Amino acid sequence: MEMVLVCNVAVLLAAYNGMSWIDEQIQSILNQKKVNVDIYISVDVSTDGTEIFCSELSKKNKNIILLPYGEKFGDAASNFYHLIKNVAVENYDYISFADQDDIWHEDKLFKATSKLSTGEFSGYSSDVLAFWKDGRTKVVRKSQMQVTYDYLFESSGPGCTFVINNSIAIKLREILINVSETKQIQSHDWFVYALVRSSECKWYIDDFLSMKYRQHDRNQVGVNSGWRTACKRISMIKNGWYRTQIIKIADVLDLKDDIVTKGIAKKGFLSRLILIRNGNKLRRKVSERIFLLIMIFFGVF
């Protein structure tokens, strides 16, 4: 019989006014099989009793640790950065991110750590099953084949599916502590994916549906589909947010000498020419690649 080595995983959970869902999420994390789990919770200043609820849980369960309460973060990325900087990640084999409102399948972490334990990959994410209160569901596929520069233009998937190894977590914490510009990067999952890929490490995107990805009107980031999402994307490209985030990630990770990064920074005709020539290397999903190239061609990006 093959012996399975049980690993230690720190789950970093960012919470904010989460009383409607957080208990179910925490229980699904505690129910993970074949791994040892500690849950570290950081609660952004809330008004619904989330902090009190988590505090009571931490008193009853030694595997739930609540970080000191009272700091106003304002967004999920800032809260996750706070967790990474203040948790002793070096004491764990792997570090995982968790939102407050999802439901994890009991083998989610075992599937991820089994893949990472081979040593071939430094980061892991997966596809998910989105679900709504009215019973609707939708498979969210992010496991298309990775391309050369996708990490500059998108995340590998929902950050709540992310698991990274010890060395990447330590490197991430050092950057967050020492480089103040990281505060301006508003997508922690995109930044983590870019860190791993730009470090010439491998990332595995699993087609396994590792969790139920809850959709509601308070999602900071949800399923990207439909005309409303397309309009929002166009707006974020037109107002410069998307391009600015790419440049900030490239600056923090010192990727300024890369030909595509140079193209993004230049703007104008030369920029469009460089990006169009590398068009098949920018995003994983063909439809999203075409959409971006159209934005580039017409000078919207």
Side-chain angles (χ1 to χ4, degrees), residues 6-110 112-113 128-133 158-164 166 169 172-173 176 188-189 210-222:
V6 178
C7 59
N8 299 313
V9 183
V11 176
L12 311 185
L13 195 161
Y16 170 69
N17 281 341
M19 282 303 296
S20 297
W21 322 283
I22 196 167
D23 186 37
E24 188 173 20
Q25 166 68 310
I26 289 174
Q27 293 308 313
S28 75
I29 297 172
L30 292 174
N31 288 338
Q32 294 297 295
K33 304 297 185 183
K34 301 179 184 179
V35 292
N36 296 324
V37 173
D38 285 334
I39 306 174
Y40 290 86
I41 305 174
S42 172
V43 181
D44 201 340
V45 173
S46 298
T47 58
D48 69 345
T50 299
E51 184 272 337
I52 297 172
F53 176 77
C54 293
S55 178
E56 290 302 313
L57 281 183
S58 68
K59 293 174 184 176
K60 299 173 184 177
N61 191 320
K62 65 180 179 61
N63 298 110
I64 299 175
I65 302 96
L66 180 64
L67 270 61
Y69 177 72
E71 188 169 347
K72 181 66 177 175
F73 302 107
D75 59 70
S78 298
N79 202 350
F80 277 112
Y81 293 156
H82 175 73
L83 278 158
I84 294 161
K85 288 190 290 185
N86 288 279
V87 171
V89 295
E90 66 274 9
N91 294 336
Y92 294 88
D93 301 306
Y94 304 103
I95 288 76
S96 175
F97 299 159
D99 292 339
Q100 64 187 2
D101 47 6
D102 303 317
I103 304 171
W104 287 12
H105 297 317
E106 63 181 19
D107 57 349
K108 176 183 186 294
L109 289 180
F110 179 68
T113 57
V128 298
L129 181 68
F131 73 104
W132 286 259
K133 189 175 181 179
C160 46
T161 68
F162 278 29
V163 183
I164 55 177
N166 174 286
L172 174 61
R173 183 178 63 185
L176 291 174
H188 61 284
D189 47 353
S210 67
M211 50 172 260
K212 295 173 71 176
Y213 186 39
R214 193 187 303 269
Q215 301 298 298
H216 52 81
D217 57 8
R218 285 165 53 192
N219 282 115
Q220 185 169 345
V221 178

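Note that the structure is predicted; figures quoted are calculated from it, not measured. When a residue number appears, it is its place in the shown sequence, counting from 1. When reading the values below, keep in mind they use all heavy atoms of this one structure, side chains included, and skip hydrogens, waters and symmetry mates.
Ring geometry for Tyr92 versus Tyr40: interplanar angle over 60°, hence perpendicular rather than tilted (30 to 60°).
For the atom pair CZ of Arg173 and CG of Leu83, the computed distance is 12.5 Å after rounding to the nearest 0.5 Å. Rounding to the nearest 0.5 Å gives a distance of 4.5 Å between CD1 of Ile65 and CG of Asp38. Note: Asp101 CG to Lys212 NZ = 13.0 Å, rounded to the nearest 0.5 Å. The line from OH of Tyr213 to CG of Asp99 is 7.0 Å long, rounded to the nearest 0.5 Å. Atom CG in Asp102 sits 8.0 Å away from atom OG in Ser28 (nearest 0.5 Å). To the nearest 0.5 Å, atom CG of residue Leu67 and atom OG of residue Ser58 are 10.5 Å apart.
Residue pairs that meet the salt bridge (charged side-chain N to carboxylate O under 4.0 Å, His left out) test with at least one member in residues 7-28, sequence neighbours left out, are Glu24-Arg214. Among pairs with a residue in residues 54-69, those fulfilling salt bridge (charged side-chain N to carboxylate O under 4.0 Å, His left out) read Glu56-Lys59, at least two apart in sequence or across chains.
Across Cys54 and Leu66, no two heavy atoms sit closer than the pair CB-CD1, 4.0 Å. Nearest heavy-atom pair across Ala98 and Val11 is CB-CG1, 3.7 Å.
Partners of His105 under the ring-ring contact (aromatic ring centres under 6.0 Å, His included) rule, at least two apart in sequence or in another chain, do not exist in this structure. Ser78 pairs by the side chain to side chain contact (heavy atoms under 4.5 Å, CB included) definition with Phe73, Asp75, not counting sequence neighbours. In this structure, Tyr94 has no ring-ring contact (aromatic ring centres under 6.0 Å, His included) partners at least two apart in sequence or on a different chain. Every residue was checked against the side chain to side chain donor-acceptor pair (under 3.5 Å) condition with Gln27, not counting sequence neighbours, and none meets it. Remark: Phe162 pairs with Trp203 by the ring-ring contact (aromatic ring centres under 6.0 Å, His included) rule, at least two apart or across chains. For Ala15, the side chain to side chain contact (heavy atoms under 4.5 Å, CB included) partners two or more places apart in sequence, or in a different chain, are Leu13, Ile22, Ile41, Val43, Thr50, Gln100. For Phe131, there are no ring-ring contact (aromatic ring centres under 6.0 Å, His included) partners at least two apart in sequence or on another chain. Annotation: side chain to side chain donor-acceptor pair (under 3.5 Å) contacts of Ser42 (sequence neighbours excluded): Asn79. In this structure, Thr113 has no side chain to side chain donor-acceptor pair (under 3.5 Å) partners at least two apart in sequence or on a different chain. Asp93 pairs by the side chain to side chain contact (heavy atoms under 4.5 Å, CB included) definition with Cys7, Asn8, not counting sequence neighbours.
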Point to revise | Residues Leu129, Met211; criterion side chain to side chain contact (heavy atoms under 4.5 Å, CB included); working and verdict | key: CA-CA 6 Å; Leu129 181 68; Met211 50 172 260; over 6 Å; no

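At a threshold of 4.5 Å between non-hydrogen side-chain atoms, the residues Tyr81 and His188 count as touching. The shortest side-chain heavy-atom distance between Asn17 and Thr47 falls under the 4.5 Å cut-off. At a threshold of 4.5 Å between non-hydrogen side-chain atoms, the residues Leu109 and Trp104 count as touching. At least one side-chain heavy atom of Phe97 sits less than 4.5 Å from a side-chain heavy atom of Ile84. No side-chain heavy atom of Tyr69 sits under 4.5 Å from any side-chain heavy atom of Ile52. Using a 4.5 Å cut-off on side-chain heavy atoms (C-beta onward), Ser96 and Lys108 make contact. Under the 4.5 Å side-chain criterion, counting only non-hydrogen atoms from C-beta, Leu30 is in contact with Ile64.
Panel note: side chain Glu51, backbone Ser46; no donor-acceptor pair is recorded below 3.5 Å. No donor-acceptor distance shorter than 3.5 angstrom exists from the side chain of Asp107 to the backbone of Lys33, with no hydrogens or angles considered.
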